[in-house]
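Structure first, then comments.
A note on names: the letters A, B, ... follow the listed sequences, proteins ahead of strands, and every chain is numbered from 1.
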Amino acid sequence: MISLVRVDNRLLHGQILETWVPRLGIDQVVVADDDAADSELAKAAMTLCVPPSLPVRIEPIDRVDFGGLAAGRDKVLLLVRDPAGLERARAAGLTPALVRKVNLGNLHFEPGRKQVTPSVFLSAAELDELRSLAAQGFEVEARAIPSEPPTGMADIERRYAAGR
Amino acid sequence: MSAPAPSAATAPAKVPRRSLARVFWRSLFLQASWNRRGMQNLGFAYAIDPALRALYAEPARREEALRRHLGFFNSHPYMAAAIVGGAIHHEERVASGVEPARGPLTYKQTLQGPLAAIGDGFFWTALRPFFGALAALGALLFGAAAIVVVLVAYNAVHFVFRAGLFLAGYRQGDRLVATIARLSLPVAADRLRAAGAGLCGAAAAVFLFRAGAASGPVAAALAALAAGAGYVALARGARLLPTAYVATLVGVGAAFLLGHLHGSS
């Protein structure tokens with residue numbers, strides 16, 4: 001089963017390995033990212049930072065077998081870099097029937113983005129993508145680590161509208 | 001002293017040692033201008049600036065280089081030393097014309113997450129708690145001076161790591177990852193955590209022993225009971241901080257109550 005889809009500009013880092021993986025009892029991490037899958041350095045570094053008991057697969061988004069992961073016995077944390085990656089994952093077959101929860105972890109500031117939580121800055125196009133996800137039935141929330149209160153879609157909308 | 005530049009097209013650009021030392025010194029202040037938007041970006045740009053000055057004599061190129069290091073960056077502050085070193089390795093290649101200008105940026109973006117994970121696991125959840133437990137036990141046995149000694153020891157270890165990581169990144173560039181892999185930090189972290197837990201147990205034993213000696217076996221038994229209850233609570237998933245507060249309040253309350261009973265009898 002896929003326990004969580006995490007959106008994080010930094011992909012695999014301490015917040016995920018130290019908090020989300022133990023909290024959800026994750027058995028396997030799948031990084032769906034074309035750049036990372038294409039980089040020996042990225043693959044070596046990500047393999048290095050996880051304990052041997054936690055397998056990590058790094059695959060281009062189009063190659064990920066979402067249905068197979070959802071049907072498998074392992075609890076999977078699926079990691080994508082940004083909402084554009086989510087959009088492509090949906091085009092490649094990711095549906096709310098396979099995983100309900102979409103977590104926005106860290107989306108960094110760039111000019112033209114508005115802050116909706118301390119660690120999440122969104123562009124207008126990304127907000128549209130999130131709306132479309134929510135409309136399709138995904139539960140979208142923003143929070144960096146599980147002990148924080150989650151920020152749901154309604155609050156994301158409100159803060160984006162009020163944001164600078 | 002910079003030697004007169006030979007034909008600039010063929011000579012590989014090198015950052016002089018003095019500039020490297022300045023970059024390393026500045027990298028110690030990586031988090032001094034931490035901010036929500038770029039996190040450690042300003043600290044990184046400030047740290048690497050002496051190297052960029054050495055590599056790019058032309059102001060426009062230097063500005064371009066500095067700007068690419070102002071983008072988002074965040075990693076573990078100790079492990080980041082390796083990335084600063086590796087970014088200079090790549091900047092030398094950019095300055096020599098053998099690598100596109102994105103090279104240093106890709107390097108930073110690729111390594112910041114994984115190295116942060118390794119650093120969090122090793123330094124924050126293993127090495128620092130180990131030295132904290134050592135300080136607690138040392139303070140119980142030898143007094144407050146032990147805390148100073150442990151602080152110095154921790155920072156000596158931390159500093160050696162940072163300097164070594166910086167040099168490894170600078171000399172090895174992408175091969176840095178294999179070098180860090182050979183350190184087996186996750187394995188060392190597991191051992192440190194076990195050793196730290198052992199030290200905490202020893203500190204608790206010293207405490208119990210003293211309670212027994214000062215206030216009799218009933219006090220020691222009560223303290224052991226309280227410690228056992230705390231252990232069971234934490235092992236069953238109670239959150240650390242609230243548990244610690246409750247334990248402190250109950251302890252202080254019990255002390256008051258017992259003091260009152262003793263006083264009035």
With rounding to the nearest 0.5 Å, note down the distance linking CD in B:Gln109 to NE2 in A:His108. 8.5 Å
Residue pair B:Arg37 / A:Phe121, side-chain heavy-atom distance below 4.5 Å: yes
For A:Pro118, is it the side chain, the backbone, both, or neither that has a heavy atom closer than 4.5 Å to a heavy atom of chain B? both
Show the nearest heavy-atom pair for residues B:Thr110 and A:Ser39, with the distance to one decimal. CG2-OG, 4.3 Å
Check each atom of B:Asn74 against the heavy atoms of chain A and say whether the ones under 4.5 Å are side chain, backbone, both or neither. both
Please identify, among B:Pro186, B:Ala178, B:Ala181, B:Gly71, the residue contributing the most non-hydrogen atom pairs under 4.5 Å to chain A. B:Ala181
Which atoms of B:Ser75 are under 4.5 Å from chain A, going by heavy atoms: the side chain, the backbone, both sets, or neither? neither
B:Trp25 CH2: over 12 foreign heavy atoms closer than 6.0 Å: no
Please report the shortest heavy-atom distance between B:Ala117 and A:Glu18, naming the atom on each side. O-OE2, 4.4 Å
Interchain contact, A:Leu12 with chain B, by part (heavy-atom threshold 4.5 Å): backbone
Count the heavy-atom pairs under 4.5 Å between each of B:Leu115, B:Ile118, B:Thr125 and chain A, then report the option with the highest count. B:Ile118
Inspect the surroundings of CZ in A:Arg131 and state if more than 12 heavy atoms from other residues, nucleotides or ligands are less than 6.0 Å away. yes
For chain A, which of B:Thr106, B:Asp174, B:Ile180 has the most heavy-atom pairs under 4.5 Å? B:Asp174
Whatever's closer than 4.5 Å to a heavy atom in chain B on A:Gln115 counts as side chain
Dump the intermediate steps for side-chain contact (heavy atoms from CB on, under 4.5 Å) on B:Gln112 and A:His13, then the final yes or no. CA-CA 8 Å; B:Gln112 59 181 340; A:His13 60 102; over 6 Å; no
With a 4.5 Å cut-off on side-chain heavy atoms, are B:Tyr107 and A:Leu41 touching? yes
Between A:Glu110 and B:Phe72, is there a side-chain heavy-atom distance shorter than 4.5 Å? no
Could you tell me which non-hydrogen atom of B:Leu111 sits nearest to which non-hydrogen atom of A:Ala45, and how far apart they are? CD2-CB, 3.5 Å
Just checking B:Phe29: does its CZ atom have more than 12 heavy atoms from other residues, nucleotides or ligands closer to it than 6.0 angstrom? yes
B:Arg36 versus A:Ser119: any side-chain heavy-atom pair under 4.5 Å? yes
Chain A heavy atoms under 4.5 Å from B:Leu176: which part of the residue, side chain, backbone, both or neither? neither
Would you indicate whether A:Phe138, at its atom CZ, is surrounded by more than 12 heavy atoms from other residues, nucleotides or ligands within a distance under 6.0 Å? yes
